[in-house]
Amino acid sequence: MNFIASLAVQAIKELYQVEIEESAVNIQETRKEFDGQVTVVTFPFTRYSKKSPEQTGSEIGDYLVAHASEISSYNVIKGFLNLSLTDEFWLQALHEELLKPDFEDIPKNGKRVMIEYSSPNTNKPLHLGHVRNNLLGFSVAAILEAAGYEIIKANLVNDRGIHICKSMLAWEKFGNGETPESTGLKGDKLVGNYYVRFDKEYKKEVEALIASGKSEEEAKKEAPLMLEAQEMLRKWEAGDHQVIHLWKQMNAWVYKGFEETYEKMGIAFDKVYYESDTYLLGKDIIEEGLSKGVFFKKQDNSVWIDLTADGLDEKLVLRGDGTSVYITQDLGTAQLKYDDYHMDNSIYVVGNEQDYHFKVLFLILKKLGKSWAEGLYHLSYGMVDLPSGKMKSREGTVVDADDLMAEMVETAKQRTEELGKVDDFSEQEKEVLYEMIGLGALKYFLLKVEPKKRLLFDPNESIDFQGHTGPFVQYTHARIKSVLSKGAYHEEPFDVQPAGLEASERELIKELVKFKSVIVSAANDYSPAIIANYVYEIAKLYNKFYHEVAILKAEDVRLKEFRLNLSAATAKVISKGMGLLGIQVPERM
RNA sequence: GCCUCGGUAGCUCAGUUGGAUAGAGCAACGGUUUUCUAAACCGUGGGUCAGGGGUUCGAAUCCCUUCCGGGGUACCA
């Protein structure tokens with residue numbers, strides 16, 4: 001569509017003797033209710049023409065039609081110049097953009113980007129909040145890869161700390177030697193139960209202490225369980241054999257559980273970092289900052305940075321006793337990641353509750369003069385809330401990831417059986433299909449919403465399978481595949497030039513040829529939602545086309561061939577687009 | 001208090017660097033199948049784009065301000 005902008009620039013120059021930038025030409029899609037496909041907004045040009053918007057539009061319109069064979073006609077409504085492009089133009093675009101085997105390839109741009117996501121704690125199973133994080137990370141990685149980046153998918157596992165000790169301690173005290181094998185529980189679930197158990201017992205102790213006259217603050221600090229957990233953390237840091245053994249064993253249970261969940265979810269990583277390996281990093285960066293005068297020391301030896309000039313606060317970066325805080329570790333880990341991969345960009349997929357933390361982290365790295373700090377980006381997303389409010393693992397008010405996925409698959413099964421279209425499938429084929437649809441519905445539901453928006457999930461209201469949903473798009477794909485197979489379609493060079501395009505065909509082509517630019521803008525915005533909405537639009541337009549024109553029973557063979565090709569191109573875009581969301585599409589459903 | 005992100009139809013969401021009469025889905029109502037998959041299609045109703053001001057040919061979009069909601073503002077992570 002670029003030729004229209006440059007031609008418009010030419011027109012302004014010749015008609016009104018004014019030189020303008022191409023970017024000053026506002027081009028948009030023509031709204032449905034008007035004739036044409038592309039619209040140039042001509043209001044801004046009236047200052048050059050010194051004429052009415054209508055007259056200006058006509059003059060430019062005449063010029064464009066005279067100078068571009070692709071433009072067949074125009075109409076002017078107020079300051080809008082609506083252009084109709086020839087059918088040949090659209091067919092050509094379809095041909096060039098979509099009917100090649102490597103149609104979706106965007107050349108590599110030579111840039112490397114790391115995307116860190118998931119980053120679970122090993123004291124509890126994954127819940128719906130993690131699901132959003134995982135799907136976002138995986139999808140953004142796929143989108144960036146499609147846009148030409150080299151991708152490293154990283155996971156930073158939070159495998160140590162006081163919260164891990166809490167579940168360890170509770171298991172030691174109340175577990176009676178339970179194991180995943182002895183209980184039949186998934187490892188992460190088993191460990192999660194003890195995390196909840198700790199909280200329960202701890203609260204009892206606190207209440208007892210309060211009853212005996214302590215203040216709430218004192219009680220929370222002095223409860224024996226808390227003291228024991230802290231002692232356990234000290235032993236862990238000292239390398240105590242028994243504690244380390246227990247830690248390794250319980251983490252191993254959790255990892256096995258996570259693996260199952262990740263596999264079901266269909267996500268994976270190229271590199272896993274463990275906080276137990278990285279938590280001591282960052283101290284040399286503190287030294288560096290002190291010597292550069294970026295940080296300063298207080299009387300108690302604690303180290304700070306003053307960010308008040310940047311509108312933030314003073315921030316502690318190292319405790320007075322020399323131990324790390326969260327940001328110390330993150331400073332060190334950021335350096336480690338860069339040393340490992342020398343990437344151009346590094347993306348952190350982390351909830352918006354940590355917006356401030358990342359703002360500070362990136363700012364500190366810039367102040368330290370790290371050349372790579374410019375490439376850091378916090379992909380912040382909104383929390384997933386229940387109607388009752390926030391999910392809290394400790395209180396057990398969470399939507400469990402495994403349960404949710406299983407429910408979705410079950411619903412998909414019921415739906416599919418009711419419709420009875422795949423009764424001839426083998427049991428195994430059915431299982432595969434149910435998973436594809438159930439997970440497709442879930443993933444689409446979570447990804448179609450702009451990441452930064454908060455998401456409300458009502459467990460009592462099931463996720464839809466109709467309308468603006470994953471299954472709708474999947475269904476459209478299956479429908480196309482069915483037509484293609486009945487039409488004995490096989491990919492081959494096509495040169496069919498139908499006498500004239502139907503409106504529904506033109507609309508579909510117009511949307512299809514946007515595919516690559518949509519990938520690019522989704523990559524620039526780190527937004528799977530853009531892909532999700534685009535793919536939905538494609539599916540809708542295809543269904544309209546499908547209902548309005550006959551494909552297999554087209555008037556003549558050439559027309560049928562063309563429509564089969566158009567269908568095949570649509571299927572490719574749907575399949576590839578859904579793939580960018582981590583959603584598979586079936587041949588039949 | 002300060003910082004930050006949200007607020008668009010009953011509900012869930014789209015809405016490009018400011019552009020035409022603000023769009024989808026769900027829910028409601030009505031229609032479409034002897035014809036390529038009805039998980040579909042077509043139609044009807046439904047709006048103070050949170051409120052107010054400003055910038056301009058033009059504002060859901062940019063600026064200011066008020067209100068409502070989330071999050072942050074820890075020697076927690």
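A, B, ... follow the sequence lines: proteins, then strands. Residue 1 opens every chain. Just so you know, these numbers come straight off a predicted model, no measurement behind them. Only heavy atoms go into these numbers, but all of them, side chains included; no hydrogens, no water, no symmetry mates.
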Tell me which nucleotide, if any, is Watson-Crick or G-U wobble paired with [N] when both distances must be under 3.5 Å.
N: G69(B); value: C5(B)
N: U35(B); value: none
N: A22(B); value: none
N: A14(B); value: none
N: A27(B); value: none
N: C76(B); value: none

- [ ] For the pair Tyr348(A) and Phe358(A), name the ring-plane relationship: parallel under 30°, tilted 30 to 60°, perpendicular over 60°.
- [x] tilted
Open item on the list: Using a 3.5 Å distance criterion without hydrogens, assess whether the side chain of Tyr536(A) forms a donor-acceptor pair with backbone atoms of Thr469(A).
Closed with: no
Task: Under 3.5 Å: donor-acceptor pair, side chain of Thr42(A), backbone of Gly79(A) - done: yes
Can you tell me how far [atom2] of [N] sits from [atom1] of [X], to the nearest Å?
X: Met391(A); N: G71(B); atom1: CE; atom2: C1'; result: 15 Å
X: Leu456(A); N: C26(B); atom1: CG; atom2: P; result: 20 Å
X: Gln28(A); N: G58(B); atom1: CD; atom2: P; result: 17 Å
X: Ile162(A); N: A77(B); atom1: CD1; atom2: P; result: 10 Å
X: Glu418(A); N: U37(B); atom1: CD; atom2: C1'; result: 17 Å
X: Asp35(A); N: A20(B); atom1: CG; atom2: P; result: 18 Å
X: Tyr356(A); N: U4(B); atom1: OH; atom2: C1'; result: 11 Å
X: Gln354(A); N: A74(B); atom1: CD; atom2: C1'; result: 14 Å

Pairwise [atom1] distance, [M] and [N] [rounded to whole Å]:
N: A24(B); M: G15(B); atom1: C1'; value: 10 Å
N: C57(B); M: C67(B); atom1: P; value: 33 Å
N: G30(B); M: G46(B); atom1: C1'; value: 16 Å
N: C41(B); M: U33(B); atom1: C1'; value: 11 Å
N: A9(B); M: A22(B); atom1: C1'; value: 11 Å
N: A59(B); M: C49(B); atom1: P; value: 13 Å
N: G47(B); M: C11(B); atom1: P; value: 13 Å
N: G18(B); M: C13(B); atom1: C1'; value: 22 Å

Open item on the list: Please list, in numerical order, the residues of residues 272-282 of chain A that have a heavy atom closer than 4.0 Å to any atom of RNA chain B.
Closed with: Glu275(A)
Quick one: is [X] getting a side-chain N or O under 4.0 Å of the [N] phosphate, OP1 or OP2?
X: Arg479(A); N: C41(B); value: no
X: Lys486(A); N: U37(B); value: yes
X: Lys452(A); N: G6(B); value: yes
X: Lys453(A); N: A14(B); value: yes
X: Arg160(A); N: A77(B); value: no
X: Lys78(A); N: U21(B); value: yes

Under the 6.0 Å and 45° cation-pi test, does [X] pair with [Y]?
X: Arg132(A); Y: Tyr381(A); value: no
X: Arg588(A); Y: Phe425(A); value: no
X: Lys448(A); Y: Phe472(A); value: no

Task: Any donor-acceptor N/O pair under 3.5 Å between A77(B) base and Asn123(A) side chain - done: no
Task: No-H, no-angle donor-acceptor pair, Thr39(A) side chain to A20(B) base, under 3.5 Å - done: yes
Task: First encountered from the 5' end of RNA chain B, between Ile327(A) and Arg31(A) - done: Arg31(A)
Open item on the list: Here's a test of your reading of the structure: between Asp385(A) and Val25(A), which maps to the more 5' nucleotide of RNA chain B?
Closed with: Val25(A)
- [ ] Tell me whether Phe43(A) is stacked on the nucleobase of G19(B), counting only the six-membered base ring and applying the 5.5 Å and 30° thresholds.
- [x] yes
- [ ] Determine if Phe34(A) stacks with A20(B); use a centre-to-centre distance below 5.5 Å and an interplanar angle below 30° as the criteria.
- [x] yes
Open item on the list: By the 4.0 Å heavy-atom rule, please label Ala529(A) as base, sugar-phosphate, or nothing.
Closed with: nothing
- [ ] Would you please say whether a donor-acceptor pair under 3.5 Å links the side chains of Asn123(A) and Ser167(A)?
- [x] no
Task: Aromatic centroids of Trp236(A) and Tyr279(A) separated by under 6.0 Å - done: yes
TODO: From the options Lys283(A), Lys298(A), Lys297(A), Glu287(A), select the one residue that forms a side chain to side chain contact (heavy atoms under 4.5 Å, CB included) with Val303(A).
DONE: Lys297(A)
Task: Smallest separation among heavy atoms of Ile305(A) and Phe296(A), with atom names - done: C-CE2, 4.1 Å
